[in-house]
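Chain naming here is simple, since letters A, B, ... match the order of the sequence lines and numbering starts at 1 in each. For clarity, every value in this text was computed on a predicted model and none was experimentally measured. Hydrogens, waters and symmetry mates are skipped; everything else that's a heavy atom, side chains included, is used.
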Number of protein chains: 2
Amino acid sequence: MESPKRAATRAASVERIKATARAQLACGGAAALSLREVAREMDQTSSALYRYFANRDELLTALIVDAYNDLGVCTETAERKIDRGDLRSRWRAACRAIRQWAHAHPHEYALIFGTPIPGYEAPAFTVAAATRATGVIARILNDDCAQTTRKTNERDDDEAARALEMSGVQVLMPDVPASVALRGLFAWTQIFGFLSFELFGHLEGSIRRGDDAFEKLIEQTSHQVGLGVEQ
Amino acid sequence: MESPKRAATRAASVERIKATARAQLACGGAAALSLREVAREMDQTSSALYRYFANRDELLTALIVDAYNDLGVCTETAERKIDRGDLRSRWRAACRAIRQWAHAHPHEYALIFGTPIPGYEAPAFTVAAATRATGVIARILNDDCAQTTRKTNERDDDEAARALEMSGVQVLMPDVPASVALRGLFAWTQIFGFLSFELFGHLEGSIRRGDDAFEKLIEQTSHQVGLGVEQ
DNA sequence: CAATATTGAGAGCAGTGCTCTCGTTTAGTA
DNA sequence: TACTAAACGAGAGCACTGCTCTCAATATTG
């Protein structure tokens with residue numbers, strides 16, 4: 001059934017294919033990714049690639065999972081370096097890591113956060129990779145709420161709880177009241193909304209120094225979710 | 001040179017092509033838009049379409065401009081119905097209109113705010129249409145600042161002014177101090193960030209009732225930019 | 001009515017994803 | 001070490017795409 005040598009060379013082939021596909025992605029985006037071109041680049045026939053990926057979508061899925069994981073580890077390692085108690089700094093580190101990764105891999109960012117592939121449903125096994133970066137900033141918020149209990153408006157909490165899918169949110173942030181979790185989710189959409197606009201060119205003519213603006217955004221969001229402020 | 005009759009029938013043809021293309025866009029997204037299929041749907045040959053659009057990108061551009069304009073008029077008409085003095089309500093109306101349009105035309109939303117077409121540079125004439133919806137919320141903020149002068153932190157203003165491309169922002173919001181304009185821009189990215197996440201499926205498992213969450217978001221953003229609060 | 005644009009059809013080219021078949025190579029085994 | 005079965009890659013081929021070209025039919029203008 002499983003031959004270790006076979007498996008190793010096969011994995012190496014898969015990796016080589018993904019690498020050249022990624023390179024091709026970098027110049028032209030997902031739409032321009034051509035299996036034939038990848039094969040040509042590798043001095044092979046296109047049909048050979050079908051030994052490793054059933055079709056184009058499957059290759060794309062593999063690249064998406066890799067991108068999610070790469071973004072995840074970048075965020076995790078950057079955030080881990082910060083003193084656990086300094087929640088604002090952890091927030092900053094995580095946000096900066098996300099933006100840095102996005103700027104370093106714009107096409108892979110687009111693959112993840114851009115228009116979803118038409119008629120393509122992300123396989124269930126991708127969600128683990130997908131929630132990795134999100135998990136970092138969720139954990140920061142959770143740590144904050146765990147150590148400083150917050151006064152929250154009861155009505156706000158009820159309304160927020162109704163809007164949220166509590167099963168999904170609570171598993172990431174068990175100690176965070178619903179109203180705060182919702183604000184956290186808004187901060188999350190704001191970070192990625194800014195990055196999408198920046199990378200997709202919607203900020204052209206509006207923002208000159210993206211770095212400065214993003215720093216301001218980090219401060220605003222961390223304040224918004226009430227990080228590190230005694231209440 | 002210009003024959004009015006010719007021009008009319010030609011415009012009608014262009015409109016018919018765009019309509020069937022839009023219909024096709026609705027089931028499959030931009031990547032699945034095929035000129036041949038459009039022609040087939042119209043009982044014509046694909047080559048005939050090239051009398052009206054030089055290539056696929058040009059058709060796509062036309063659809064993009066239309067989408068921008070459609071989103072623009074929807075936002076404008078919704079916001080215009082509100083009493084000029086009630087700035088919070090105007091903000092709410094504009095945001096709701098944007099979300100409503102996005103949900104009614106998800107594929108056209110994706111066309112505009114999703115992954116940009118690879119290697120495709122938006123022609124200059126598209127920006128007028130593109131800034132239409134943006135202009136509405138910018139005007140609200142501007143009206144607010146025009147009637148109630150704000151106390152702003154001088155250092156904040158300087159830093160914000162450095163980050164912003166003032167030429168682009170000031171033409172839309174001449175009466176808004178830089179620090180407030182930056183917060184407005186952040187609110188803008190948040191609205192569209194939320195919508196992108198919502199439509200592209202990144203909120204799956206996190207949010208149950210998008211409507212409620214969005215209402216909360218509207219309140220938060222309008223508060224964030226300091227709408228209608230005497231300062 | 002005649003000259004002239006404007007239009008659509010049809011064939012054809014180069015490219016794509018994907019399938020199938022057919023030799024070759026390779027890894028584990030008797 | 002020789003053998004078998006699995007894995008592999010090449011090549012041809014199908015249906016599809018965007019796009020170009022030529023040629024005939026149509027509509028508009030002098």
Side-chain angles (χ1 to χ4, degrees), chain A residues 1-25 27-64 111 116-121, chain B residues 1-25 27-64 111 116-121:
Chain A
M1 276 294 168
E2 42 193 31
S3 116
K5 196 154 189 179
R6 280 275 200 228
T9 62
R10 191 182 168 78
S13 292
V14 165
E15 214 51 51
R16 266 180 59 225
I17 294 173
K18 287 197 293 186
T20 66
R22 244 188 302 269
Q24 198 155 325
L25 208 72
C27 43
L33 177 73
S34 152
L35 284 193
R36 284 187 123 109
E37 182 61 36
V38 170
R40 222 172 288 132
E41 185 78 21
M42 300 173 70
D43 286 314
Q44 280 192 325
T45 323
S46 68
S47 58
L49 300 192
Y50 285 86
R51 298 278 177 199
Y52 303 93
F53 296 96
N55 49 42
R56 210 188 90 118
D57 266 16
E58 200 170 281
L59 172 57
L60 232 24
T61 304
L63 294 178
I64 288 175
L111 203 60
I117 314 285
Y120 160 86
E121 205 60 37
Chain B
M1 274 294 168
E2 44 193 30
S3 116
K5 196 157 188 178
R6 279 278 201 226
T9 62
R10 192 181 170 78
S13 292
V14 166
E15 214 51 50
R16 266 180 58 226
I17 294 172
K18 287 197 293 186
T20 68
R22 243 189 303 269
Q24 199 156 327
L25 208 73
C27 43
L33 177 73
S34 152
L35 284 193
R36 284 187 124 109
E37 182 61 37
V38 170
R40 223 172 287 132
E41 184 79 21
M42 300 173 69
D43 286 313
Q44 279 193 325
T45 323
S46 68
S47 59
L49 299 192
Y50 285 85
R51 298 281 174 196
Y52 302 92
F53 296 95
N55 49 42
R56 209 187 91 117
D57 266 17
E58 200 169 279
L59 172 57
L60 233 23
T61 304
L63 293 178
I64 289 175
L111 202 61
I117 314 285
Y120 160 87
E121 206 61 38

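- A/S34 has a side-chain polar atom (N or O) that falls below the 4.0 Å cut-off from OP1 or OP2 of C/dG17.
- Look at B/R51 and you won't find any side-chain N or O under 4.0 angstrom from OP1 or OP2 of D/dT26.
- For the pair B/Y52 and C/dG8, the criterion of a side-chain N or O lying under 4.0 Å from OP1 or OP2 is met.
- To the nearest 0.5 angstrom, A/L35 atom CG is 11.0 Å from A/E37 atom CD.
- Among the heavy atoms of the strands, none lies under 4.0 Å from B/F53.
- Under 4.0 angstrom from either OP1 or OP2 of C/dT16 there lies at least one side-chain N or O belonging to A/R40.
- Backbone-only engagement by B/R56 is indicated by non-hydrogen atom pairs under 4.0 Å involving sugar-phosphate atoms exclusively.
- As a whole-Å value, the separation of B/R6 CZ from C/dT6 C1' is 4 Å.
- The residue A/S46 sits close to a base: some heavy atom pair falls under 4.0 Å.
- Counting to the nearest Å, the P atom of D/dG18 and the CD atom of B/E58 are 15 Å from each other.
- Take the nearest nucleotide of DNA chain C for B/D43 and for B/R36: the residue whose nucleotide is more 5' is B/D43.
- Whole-Å rounding puts the A/Y50 OH to D/dG11 P distance at 17 Å.
- Taking atom CD on B/Q44 and atom P on C/dG10, their separation rounds to 12 Å, with Å as the unit.
- Using a 4.0 Å heavy-atom cutoff across all strands shown, A/L49 reaches no nucleic acid atom at all.
- Atoms CD and CG, on A/E58 and A/L63 in that order, are 11.5 Å from each other to the nearest 0.5 Å.
- Between A/L59 and A/L33, some side-chain heavy-atom pair lies under the 4.5 Å cut-off.
- The nearest heavy atom of DNA chain C to A/S47 and to A/E37 marks one nucleotide each, and the one closer to the 5' end goes with A/E37.
- Among the protein residues, A/S13 comes within range of no part of the nucleic acid, since none of its heavy atoms lies under 4.0 Å from any strand.
- Going from atom CZ of A/R10 over to atom C1' of D/dC8 covers 10 Å, rounded to whole Å.
- In this structure, B/L35 atom CG and D/dT20 atom C1' are separated by 14 Å, rounded to whole Å.
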